[in-house]
A.B. asks: 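There's a structure below that I have some questions on.
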Number of protein chains: 2
Amino acid sequence: MAVPSSVSVTPTASPLFLRENEVRRGVELLFFGYTRLTRAIDEGLAAHGLGRAHHRALYFVARQPDLPISALLKILAITKQSLGRVLTDLADRGLVETRTGNVDRRQKLLRLTPEGIQFEAQLFDALRNSLASAYAAAGQESVTGFWRVLEGLIPAEDKAMVVALQRDI
Amino acid sequence: MAVPSSVSVTPTASPLFLRENEVRRGVELLFFGYTRLTRAIDEGLAAHGLGRAHHRALYFVARQPDLPISALLKILAITKQSLGRVLTDLADRGLVETRTGNVDRRQKLLRLTPEGIQFEAQLFDALRNSLASAYAAAGQESVTGFWRVLEGLIPAEDKAMVVALQRDI
DNA sequence: CAAGATACGTCAATATGGCTGTCCCATCTT
DNA sequence: AAGATGGGACAGCCATATTGACGTATCTTG
């Protein structure tokens, strides 16, 4: 395993054989941080009889209007059938609608209805409150580090997808 | 909402009203980073007919031998019934064993069997590979920032629990 | 010591969010 | 015209969580 030359070699060990403690700390903080963040929106979702799976779809459709279903499938990495149920629920509640693609008429492009936009924004507020206070407490350089490490956890083949999300808006 | 005075005020906005884009970036990276990391161990788990819920229990028992069940319940934040099934599965496979507490004989203290220790170490290797390469690519200051932000996501009432985990070893 | 709280186990029923496999139709590409 | 692709739908299954109720052993406290 090659070690990037930009990483300074500590006297103790190669960065790829980090002290177990540092890795466990990351595992644990990721677990607690992620689960606690997601809990921040459970109440809002439950008010509409929806779950986290619905929010994930809602979120990414909000993020990329006119997203084709195939793209959402790649992002969520679940099966067509699982996504189908989720989208049906969202459509039934008038939060998401589809249009036929004009370039490729086989595609259905997903976007939020005005109600969907409002609901997603409301859920996003809860996420923003949590994340913004964590950002503020940690400081800007910490936020940059936070992003960098997480980027390193994303396999190369998925990275383009994430970058595409963050290009627009 | 109070803003910590240590945070420099940018010309654009207060840190608690960060640009939406920065918050969305964090949400997305957390989602992809967390889910991709957890996928790293699915194969090893499936080989024993176990799922992620089993790994979470296994992990925290490995981390804190002689953990009482009540402590594990607080960490995982699931119900007694859900944990019960998971622990039964792990005990049936000879990975976890319980002893009656000597201080409080109502308690059952959880620890891994030698096979459990070996299995957890094997799963941990996969996590270490993923995290260590992300750490190495990002650099040490980034890792510190990564930790800081995640700590900020953990509610105050849960923080003591996380600190306790990271004190020993 | 009696009463109540706590730690753990267990029952039954239910919900959610995944999965596989199969088949179908419309549309695009070659 | 043939095949590939985007999407939808069927049936059935599994993993993981939930609530509520109840039982037993043990500790704590008035």
Side-chain angles (χ1 to χ4, degrees), chain A residues 31 34-35 38-39 41-43 45-61 66-93 96-111, chain B residues 31 34-36 38-39 41-61 66-93 96-111:
Chain A
F31 169 70
Y34 180 77
T35 62
T38 58
R39 265 171 214 163
I41 56 170
D42 283 349
E43 204 179 318
L45 285 166
H48 288 244
L50 299 172
R52 290 177 192 170
H54 300 97
H55 176 250
R56 291 196 285 273
L58 202 63
Y59 179 95
F60 287 108
V61 174
D66 289 332
L67 193 66
I69 292 196
S70 57
L72 187 51
L73 279 174
K74 272 179 204 151
I75 289 172
L76 298 176
I78 59 177
T79 58
K80 201 167 46 161
Q81 294 73 6
S82 299
L83 180 57
R85 265 176 318 175
V86 167
L87 289 179
T88 300
D89 292 344
L90 292 174
D92 286 351
R93 282 165 180 75
V96 161
E97 63 190 5
T98 62
R99 297 186 304 151
T100 298
N102 29 19
V103 194
D104 184 336
R105 291 173 42 78
R106 291 171 304 179
Q107 290 187 328
K108 289 201 178 170
L109 307 182
L110 298 160
R111 48 167 61 235
Chain B
F31 168 70
Y34 181 77
T35 62
R36 267 55 178 182
T38 58
R39 265 171 215 164
I41 57 169
D42 283 350
E43 203 180 319
L45 284 166
H48 287 244
L50 299 173
R52 289 177 192 170
H54 301 96
H55 177 250
R56 292 197 285 274
L58 201 63
Y59 179 95
F60 287 108
V61 175
D66 288 332
L67 193 68
I69 291 195
S70 57
L72 187 51
L73 279 174
K74 272 181 205 150
I75 289 172
L76 298 176
I78 59 177
T79 58
K80 200 167 44 160
Q81 293 73 6
S82 298
L83 180 58
R85 263 174 319 158
V86 168
L87 289 180
T88 300
D89 292 344
L90 292 174
D92 285 352
R93 283 166 179 74
V96 162
E97 62 190 6
T98 62
R99 296 186 304 150
T100 299
N102 29 18
V103 195
D104 184 336
R105 290 175 42 80
R106 291 172 304 178
Q107 291 186 328
K108 287 200 181 171
L109 307 183
L110 297 160
R111 49 167 60 234

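Every chain is numbered from 1 and lettered A, B, ... according to where its sequence line falls, protein lines coming before strand lines. Keep in mind that the numbers below use all heavy atoms, side chains included, and drop hydrogens, waters and symmetry copies.
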A.B. asks: Can you list, in residue-number order, the parts of residues 67-79 of chain A that come under 4.0 Å of DNA chain D, counting heavy atoms only?
C.D. replies: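 A:P68, A:I69, A:S70 - these, ordered by number, are the residues of the stretch whose heavy atoms sit under 4.0 Å from the strand.
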A.B. asks: First locate atom CG of A:N102, then atom CD of A:Q107, and finally report the distance between them rounded to the nearest 0.5 Å.
C.D. replies: 9.5 Å
A.B. asks: Give me, pair by pair, the N or O atoms of the protein and of nucleotides 27-30 of chain D that are less than 3.5 Å apart, along with how far apart they are.
C.D. replies:
{"unit_1": "D:dC27", "atom_1": "OP1", "unit_2": "B:R105", "atom_2": "N", "d": "2.8"}

A.B. asks: What is the distance from atom CZ of B:R93 to atom OG1 of B:T88, rounded to the nearest 0.5 Å?
C.D. replies: 10.5 Å
A.B. asks: For B:R39, give me all partners under salt bridge (Lys or Arg N to Asp or Glu O under 4.0 Å), at least two apart in sequence or on another chain.
C.D. replies: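 With sequence neighbours excluded, B:R39 shows a salt bridge (Lys or Arg N to Asp or Glu O under 4.0 Å) to no residue whatsoever.
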A.B. asks: Distance check, rounded to the nearest 0.5 Å: B:L76 atom CG versus B:I69 atom CD1?
C.D. replies: 11.5 Å
A.B. asks: How close or far is atom C1' of D:dT19 from atom CD of B:Q81, stated in whole angstroms?
C.D. replies: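 Atom-to-atom, B:Q81 to D:dT19, this comes out as 8 Å.
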A.B. asks: Measure the CG-CD1 distance between A:L83 and A:I75 for me, rounded to the nearest 0.5 Å.
C.D. replies: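 Those atoms lie 10.5 Å apart.
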A.B. asks: Calculate the interatomic distance between A:L83 atom CG and D:dG7 atom P; express it in whole Å.
C.D. replies: 10 Å
A.B. asks: If you go through the side-chain atoms of A:K80, does one of them form a donor-acceptor pair with the base of D:dG8 closer than 3.5 Å?
C.D. replies: yes
A.B. asks: To 10°, what angle do the rotation axes through the five end pairs on each side of the helix from C:dC1-D:dG30 to C:dT30-D:dA1 form?
C.D. replies: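 Computed from the C1' atoms at both ends, the axes differ by 40°.
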A.B. asks: Strictly distance-based, threshold 3.5 Å: is any side-chain N or O of A:H48 a donor or acceptor partner for the main-chain N or O of A:L45?
C.D. replies: no
A.B. asks: 5' to 3' on DNA chain C, which nucleotides open and close the contacts with chain A (atom under 4.0 Å from a heavy atom)?
C.D. replies: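 Footprint of chain A along DNA chain C, 5' to 3': C:dG17 to C:dC28.
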A.B. asks: Could I get the full list of side-chain contact (heavy atoms from CB on, under 4.5 Å) partners for B:V96, not counting sequence neighbours?
C.D. replies: B:L58, B:L90, B:L110, B:L112
A.B. asks: My understanding is that only residues two or more places apart in sequence, or in another chain, count here; which of them pass side-chain hydrogen bond (donor to acceptor under 3.5 Å, both in side chains) with A:R52?
C.D. replies: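 If we apply the side-chain hydrogen bond (donor to acceptor under 3.5 Å, both in side chains) test to A:R52, skipping adjacent residues, the hits are A:D42.
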A.B. asks: Starting from C1' on D:dG8, measure out to CG on A:D89 and report it in whole angstrom.
C.D. replies: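 Those two atoms, CG and C1', are 15 Å apart.
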A.B. asks: When you measure from every atom of DNA chain C, which of residues 51-61 of chain A have a heavy atom less than 4.0 Å away?
C.D. replies: A:G51, A:R52, A:A53, A:H54, A:R56
A.B. asks: Who are the side-chain hydrogen bond (donor to acceptor under 3.5 Å, both in side chains) partners of A:Y34, not counting sequence neighbours?
C.D. replies: none
A.B. asks: List the residues meeting side-chain hydrogen bond (donor to acceptor under 3.5 Å, both in side chains) with A:S70, not counting sequence neighbours, and say none if there are none.
C.D. replies: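 Result, side-chain hydrogen bond (donor to acceptor under 3.5 Å, both in side chains) vs A:S70: none returned.
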A.B. asks: B:L72 and B:V61: side-chain contact (heavy atoms from CB on, under 4.5 Å), yes or no, with the steps?
C.D. replies: CA-CA 8 Å; B:L72 187 51; B:V61 175; 4.0 Å; yes
A.B. asks: Quick one: does B:R85 reach the base of D:dA17 with a side-chain donor-acceptor pair under 3.5 Å?
C.D. replies: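 Yes, the side chain and the base share a sub-3.5 Å donor-acceptor pair.
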A.B. asks: For B:L50 and B:H55, what are the C-alpha separation, side-chain angles and deciding distance, and is it a side-chain contact (heavy atoms from CB on, under 4.5 Å)?
C.D. replies: CA-CA 8 Å; B:L50 299 173; B:H55 177 250; over 6 Å; no
A.B. asks: Would you list the pairs meeting salt bridge (charged side-chain N to carboxylate O under 4.0 Å, His left out) in which at least one residue belongs to residues 66-89 of chain A, sequence neighbours left out?
C.D. replies: A:D66-A:R99, A:D66-A:R111
A.B. asks: Quick one: NZ on B:K108 to CG on B:L87, what's the gap to the nearest 0.5 Å?
C.D. replies: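 Reported to 0.5 Å precision, the distance equals 10.0 Å.
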A.B. asks: Taking side-chain contact (heavy atoms from CB on, under 4.5 Å) as the definition, give me every residue that meets it alongside B:Q81, ordered by chain and number, with sequence neighbours left out.
C.D. replies: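 Scan of B:Q81 (side-chain contact (heavy atoms from CB on, under 4.5 Å), adjacent residues dropped) gives B:T79.
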